[in-house]
Peer 1: 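Structure in structure tokens, see below.
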Amino acid sequence: MRYGSLGRFVCLAAAGLAASGAALAQSPAARLPLATAATEPLLVAADLREGTDLSGEWRYSIDPYRSGIAGFHGETPDRGQQRWLDVDVRKAMAEDNRTLFEFDLAHSPAAQLPGSWLAATPELRHYQGLVWYQRSFTVAPGRKGRTFLRFGAANYATVVYLNGQPLGRHEGGFTPFAFEATTALRDGENQITIGVDSAATAATVPPPVTDWENYGGITREVRLVQTPETYVDDAWVRLTRDGKLAVEARLRGPAAANAPVRLAIGELKLELAGKTDAMGTWRATMTAPRALVRWSPEQPRLYDVTLSAGDDRWRDRIGFRTIERRGPDLLLNGKPLFLRGISMHEEEIGANPARIITPANARALLGEIKTGLNGNYVRLSHYPHSEVMTRAADELGLLVWSEVPVYWMVAWDNPATLATARNMLAENILRDRNRASVVIWSVANETPVSEARNAFLRTLVSDTRRLDDTRLVSAALLVERDRAAAVPTMTMVDPLAADLDVLSINTYNGWYTQDRLTDLPGSVWRVPADKPLVFSEFGADAKAGFHSPDRQQKFSEEFQAEFYRKTLEMADRVPTLRGMSPWILKDFRSPRRQNPDFQQGWNRKGLISETGVRKQAFAVLADYYARKAAVGAR
Ligand code: GCB
């Protein structure tokens, strides 16, 4: 337990969290307090706490010129544009007909939340910018303790107002944040207004150019969460590599210091009592009980864990396992492991997805991996996925690679961008440290080597290790190709390799290159021999139902299936390869992909179509994984 939750305060305070390049952060709204992992509340495992779900119908109003956050000279906006005001607009205009309001959220169109606005109406399909959401809800009198407004995620920059009062703002589209609402709430009717701006800039993470849909909006659950005055804000319960059960908890509130705390795992008859220190932090370890069944994909055993502190009872469902690397081997619970995986975006199956991940949607996707493909692993690319997804992975028994959207070209030299990335990383790790399924934290994808980039990523690697010393760290790296060689010859020259536990390569030889598929098995991969390697991506587009019996035609199912056969043959010849997550489970929306015959706005590298139809390559990978599973780790 060298590093712990306290580490986050150190690392994030140093980051400074300057205002970033997001459009909201450059407006008067930037004066609102920024919610970060360092400023709390974290409300770890908030999804299991008592509360009120604010999902359902919300009213919305687009604001393409951001008039609701800044006037036409950049100043505080006109009253008639301030959508968060706590006024009955129609009544105010009726009372005095000189009053001007240029919005009326209470009577604006309705949308269902959570879910991106892109699928709400055809006009919003390509809208990137600011949208205001509003709804009202009632609160019964006689509230006790504290109430928080907790967001699973809103993409990208968010400002939140309750009953006309600003609660704060957040930046980053994929991680949770919360604001205390205890004093802003009133008994009876309350009105909440949220501005969400999806626009990416050169300074955001990710920047504007990616290869996936930018689903703007409130894409995950919004809840009012109830806690006692003093409550457990963060708790991490885990199995250490030397076989100990370790707990680290942090209380928040007036009675947080020197408070008695008790950890209990009923099914193991385990109880551990202790006391917090002056900062409200408790750390303890004990030998793991003999009866403990270790979590694995084959037996995804979870335990009900509770932590009692004063009036608060924090709970979570937690699995216990170890993950290590020894030389080029990956060891799960001490046994060699081969990662039989696939990559996945956070996009539900269906013709018009809106990034709505319900437990059923998560299981539909992960079930295709676990039972359809005989997999044991998923790469949740390219950003933190919903906690619904990582909980489902815990329950179904799938190992997880979790990553932050430091993708392609971010502003390596911009300290505000680094601060944003560090905060996302911290919010992601702190949310999911209790998930047994998560075994790899990845800090970046396909980023070109430079001094500034190396320094940026090294900071993220060291933050990761400080926040969690029980998992492995990786990043999907680029390789150099030897143009003169007769067979495809690739060398890993990235200096970041030295900082990582798991080396990862994305390869598209035969798709983006002119290589013949028959040349792939003979490829040469020059990589450091002392670390495990994974192919974090490989793939080829295929339009479901488009055929080319001679297997030669790109975009055909046969070509894709052949690409998989030959790439898997190649994979079998790479001595240090310990897993793979081909690209990708399902066809996904991507504005980059506009081939009118085959793509129509979708990246077609899925093994299933957007509506879930399996392509031929699905069976190729499923058979390969069945054989792999039969022979064990290698
Ligand atoms: C990649 C990227 C991934 C793309 C994929 C593709 O290397 O990491 O985000 O979607 O290739 O389809 O080209």
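Whatever order the structure lists ligands and atoms in, that order sets their numbers, starting from 1. For reference, positions follow the sequence shown, starting with 1.
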Peer 1: What residues form a salt bridge (Lys or Arg N to Asp or Glu O under 4.0 Å) with Glu446, not counting sequence neighbours?
Peer 2: none

Peer 1: Residues two or more places apart in sequence or in another chain: which of them pass salt bridge (Lys or Arg N to Asp or Glu O under 4.0 Å) with Glu557?
Peer 2: none

Peer 1: Taking the basic N atoms (NZ, or NE/NH1/NH2) and the acidic carboxylate oxygens, is any pair closer than 4.0 Å for Asp501 and Arg465?
Peer 2: yes

Peer 1: Should Asn445 and Val406 be marked as a side-chain contact (heavy atoms from CB on, under 4.5 Å) after you check the CA-CA gap, both sets of side-chain angles, and the distance that decides it?
Peer 2: CA-CA 6 Å; Asn445 181 75; Val406 177; over 6 Å; no

Peer 1: Between ligand 1 and the protein, find all N/O pairs closer than 3.5 Å and give the distance for each.
Peer 2:
| residue | atom | partner | partner atom | Å |
| --- | --- | --- | --- | --- |
| ligand 1 | 7 (O) | Glu446 | OE1 | 3.0 |
| ligand 1 | 7 (O) | Glu446 | OE2 | 2.3 |
| ligand 1 | 7 (O) | Glu537 | OE1 | 2.9 |
| ligand 1 | 8 (O) | His382 | NE2 | 3.4 |
| ligand 1 | 8 (O) | Asn445 | ND2 | 2.9 |
| ligand 1 | 8 (O) | Glu537 | OE1 | 3.1 |
| ligand 1 | 8 (O) | Glu537 | OE2 | 2.7 |
| ligand 1 | 9 (O) | His382 | NE2 | 2.6 |
| ligand 1 | 9 (O) | Tyr407 | OH | 2.6 |
| ligand 1 | 10 (O) | Asp211 | OD2 | 2.4 |
| ligand 1 | 10 (O) | Trp583 | NE1 | 3.0 |
| ligand 1 | 11 (O) | Tyr508 | OH | 3.2 |
| ligand 1 | 11 (O) | Glu537 | OE1 | 3.2 |
| ligand 1 | 12 (O) | Trp583 | NE1 | 3.4 |
| ligand 1 | 12 (O) | Asn603 | ND2 | 2.8 |
| ligand 1 | 12 (O) | Lys605 | NZ | 2.7 |
| ligand 1 | 13 (O) | Tyr512 | OH | 2.5 |
| ligand 1 | 13 (O) | Arg593 | NH2 | 3.2 |

Peer 1: Between Phe598 and Lys543, is there a cation-pi geometry (under 6.0 Å to ring centre, at most 45° from the normal)?
Peer 2: no

Peer 1: Could you tabulate the donor-acceptor pairs under 3.5 Å formed by side-chain atoms of residues 569-577, not counting sequence neighbours?
Peer 2:
| residue | atom | partner | partner atom | Å |
| --- | --- | --- | --- | --- |
| Glu569 | OE2 | Lys566 | NZ | 3.4 |
| Asp572 | OD1 | Tyr624 | OH | 2.7 |
| Arg573 | NH1 | Pro521 | O | 3.2 |

